[in-house]
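One structure is given here, and the rest of the page talks about it.
Worth saying up front: this structure is predicted, and the values here are computed from it rather than measured. In what follows, every heavy atom counts, from backbone to side chain, and hydrogens, waters and symmetry copies are set aside.
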Amino acid sequence: LYNQARLDVSGSVNPTRWTTGQTINTVYLMGDDTQLHQLVTTGSGVTSGTVAYYIYTPISNNSKIIVEYSALYYIIGNTDNGSNTEDSFESRLTVSGVTDPIGKRQQYFRTGDGASNRSSTIFPIMGAYNNSAFTPIQFNVTFTQIAGNDSIKFYGQPFDAGMKITEIAL
């Protein structure tokens with residue numbers, strides 16, 4: 001029934017068209033959700049690899065998919081010896097089958113008074129992908145060591161990591 005400015009419907013409504021900028025779908029995954037495929041390290045850390053990935057099936061074939069990811073991480077090591085004056089890492093948000101990343105962050109630690117962390121951090125990271133199909137898309141969060149000898153430890157509790165995917169209409 002149409003009620004001057006409101007549509008009252010009992011049951012569910014499944015739209016097939018959206019106005020530009022309208023949210024089509026939102027998914028949120030916590031660090032321990034099995035669909036997120038979150039890396040959990042025990043003992044010593046790692047220096048590169050896939051931190052998390054998720055396979056998302058779009059609702060529309062004309063949309064922008066925004067991916068946001070954050071994780072608690074601990075960098076193991078230091079830069080206080082004569083041979084190692086910098087430790088640095090890079091995180092990337094990628095789409096399987098696409099060459100360029102949709103998001104990238106770098107974090108640098110340098111030796112010296114006041115040096116500490118003089119950059120952004122590797123997480124949170126976000127990016128957007130223009131979608132034109134209904135086929136599933138795998139979003140990957142990866143990281144690699146740029147320089148140095150430190151490693152990173154990742155955690156997987158519900159409060160340690162999360163990924164949010166928002167699909168909006170184009």
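Here the shortest heavy-atom pairing between Leu36 and Gly31 reads CD2-CA, 4.1 Å. Of all the heavy atoms in Thr50 and Leu39, the pair that sits closest is O-CB, 3.7 Å. Contact detail for Thr16 and Trp18: the closest heavy-atom pair is O-CZ3, 3.5 Å. The shortest heavy-atom contact between Asn131 and Ser60 is ND2-O, 2.8 Å. The heavy-atom pair separating Ile137 from Pro58 by the smallest distance is CD1-CG, 3.7 Å.
Heavy atoms from other residues, nucleotides or ligands lying under 6.0 Å from NZ of Lys164 number 12 at most. Atom CD of Gln22 sits in a crowded spot, with more than 12 heavy atoms from other residues, nucleotides or ligands closer than 6.0 Å. When the shell of 6.0 Å around OH of Tyr74 is examined, it contains 12 or fewer heavy atoms from other residues, nucleotides or ligands.
Hydrophobic clustering of Ile, Leu, Val, Met, Phe, Trp and Tyr side chains at less than 4.5 Å, counting indirect connections, keeps Ile168 apart from Val67. Note: the hydrophobic cluster containing Tyr53 does not contain Ile165 (ILVMFWY, side chain heavy atoms under 4.5 Å, direct or indirect links). Criterion: ILVMFWY side-chain heavy atoms under 4.5 Å apart, direct or through other members. Under it, Phe134 and Ile59 are not part of a common hydrophobic cluster. Residues Val98 and Ile55 are members of separate hydrophobic clusters, defined by side-chain heavy-atom contacts under 4.5 angstrom among Ile, Leu, Val, Met, Phe, Trp and Tyr.
Checked against side chain to side chain contact (heavy atoms under 4.5 Å, CB included), Ile146 has the following partners two or more places apart in sequence or in another chain: Ser88, Glu90, Gln106, Tyr108.
Note that the CD1 atom of Ile75 and the CD1 atom of Ile122 stand 5.5 Å from one another [nearest 0.5 Å]. Note that CG of Asp32 and CD of Gln157 are 6.5 Å apart. Values are rounded to the nearest 0.5 Å. Here the CD1 atom belonging to Ile65 is positioned 7.5 Å from the OH atom belonging to Tyr129, to the nearest 0.5 angstrom. Atoms CE and NE2, from Met163 and His37 in turn, are 10.0 Å apart once rounded to the nearest 0.5 Å. In this structure, the separation between CG on Leu170 and CG on Asn62 is 5.0 Å, given to the nearest 0.5 Å. Taking CG of Asn149 as the start and CD1 of Ile76 as the end, the distance is 11.5 Å to the nearest 0.5 Å.
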request  = Check the pair Tyr155 / Val40 against side-chain contact (heavy atoms from CB on, under 4.5 Å), numbers first and verdict last.
outcome  = CA-CA 5 Å; Tyr155 305 90; Val40 177; 5.8 Å; no
key: Test log, rule side-chain hydrogen bond (donor to acceptor under 3.5 Å, both in side chains), inputs Tyr56 and Asn25   = CA-CA 11 Å; Tyr56 176 75; Asn25 191 31; 3.1 Å; yes
ask   = Run the side-chain contact (heavy atoms from CB on, under 4.5 Å) check on Glu167 and Thr23 step by step: do they pass?
value = CA-CA 6 Å; Glu167 184 176 5; Thr23 299; over 6 Å; no
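Note: Phe89 and Phe143 have tilted aromatic rings, judged against thresholds of 30 and 60 degrees for the angle between ring planes. Relative ring orientation between Phe123 and Tyr69 is described as perpendicular, the plane-to-plane angle rising above 60° on a 0-90° scale split at 30° and 60°.
For Gln38 (side chain) and Asp33 (main-chain N/O), no donor-acceptor pair under 3.5 Å exists by modelled atom type.
Within the structure, the side-chain hydrogen bond (donor to acceptor under 3.5 Å, both in side chains) test picks out the following pairs touching residues 132-141 (sequence neighbours left out): Thr94-Asn140, Ser96-Asn140, Gln138-Asn140.
Taking the side chain as every heavy atom from C-beta outward, Val27 and Tyr54 approach each other to under 4.5 Å. You'll find the side chain of Thr57 reaches within 4.5 Å of the side chain of Pro136, heavy atoms only. Annotation: side chain of Met126 is in contact with side chain of Ile66 (closest heavy-atom distance under 4.5 Å).
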